[in-house]
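These notes concern the structure reproduced below.
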Amino acid sequence: MASSSSSSKSSLAMIMKVAALAVALVLVATEVDGQSCNRHLSGLNVCGEFVVPGADKTNPSAECCSALEAVPSECLCNTMRIASRLPTRCSIPTLSCS
């Protein structure tokens, strides 16, 4: 029973980290070619239910796919580069995703 509680706490902590990272990505979005990434990235909120750990839905909706398609590739790449540097800049261990 304690293992289940520990697992639930661990899952909740991971969900909170993912949510915090998503907010950070939107807040630190930079401009690409004079066009703000903010609007495009905030449109990805409709994809949230498909990307959190333990999500029941694994296939993105048409709305999510449309929102993702609308984000310029350079905007996504810059945002991912920024996100990958955040842990170091926040003095926390770097993420290791497999």
Side-chain angles (χ1 to χ4, degrees):
M1 185 79 161
S3 176
S4 176
S5 176
S6 176
S7 177
S8 294
K9 288 180 182 177
S10 178
S11 293
L12 180 59
M14 180 57 79
I15 290 170
M16 294 301 289
K17 286 180 182 179
V18 170
L21 183 56
V23 169
L25 289 174
V26 171
L27 293 177
V28 300
T30 60
E31 289 197 11
V32 176
D33 298 328
Q35 181 182 19
S36 174
C37 290
N38 246 353
R39 182 175 51 86
H40 294 292
L41 292 174
S42 64
L44 294 176
N45 287 336
V46 298
C47 299
E49 65 184 310
F50 306 104
V51 297
V52 293
D56 291 335
K57 298 178 180 180
T58 55
N59 292 326
S61 66
E63 184 180 23
C64 171
C65 292
S66 293
L68 181 58
E69 187 176 30
V71 180
S73 59
E74 191 60 27
C75 178
L76 281 176
C77 292
N78 283 340
T79 302
M80 296 304 288
R81 281 191 284 275
I82 291 167
S84 70
R85 292 188 302 246
L86 283 177
T88 301
R89 291 181 176 179
C90 293
S91 300
I92 59 175
T94 57
L95 300 173
S96 175
C97 304
S98 53

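None of these values were measured; they are calculated from a predicted model.
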Quick check: closest heavy atoms across [X] and [Y], and the distance to 0.1 Å?
X   : Y   : answer
P87 : P93 : CB-O, 3.6 Å
L41 : C75 : CG-SG, 4.1 Å
A70 : H40 : O-ND1, 3.1 Å

From N78 atom CG to S73 atom OG, the distance as rounded to the nearest 0.5 Å: 9.5 Å
Distance in Å, L44 CG paired with L76 CG, rounded so as to fall on 0.5 Å steps: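 Between L44 CG and L76 CG, I get 6.5 Å after rounding to 0.5 Å.
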Residues in salt bridge (charged side-chain N to carboxylate O under 4.0 Å, His left out) contact with R89, at least two apart in sequence or another chain: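 Scan of R89 (salt bridge (charged side-chain N to carboxylate O under 4.0 Å, His left out), adjacent residues dropped) gives none.
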With sequence neighbours excluded, residues passing salt bridge (charged side-chain N to carboxylate O under 4.0 Å, His left out) with E49: K57
Check: V46 and S61 side chains under 4.5 Å, non-hydrogen atoms: no
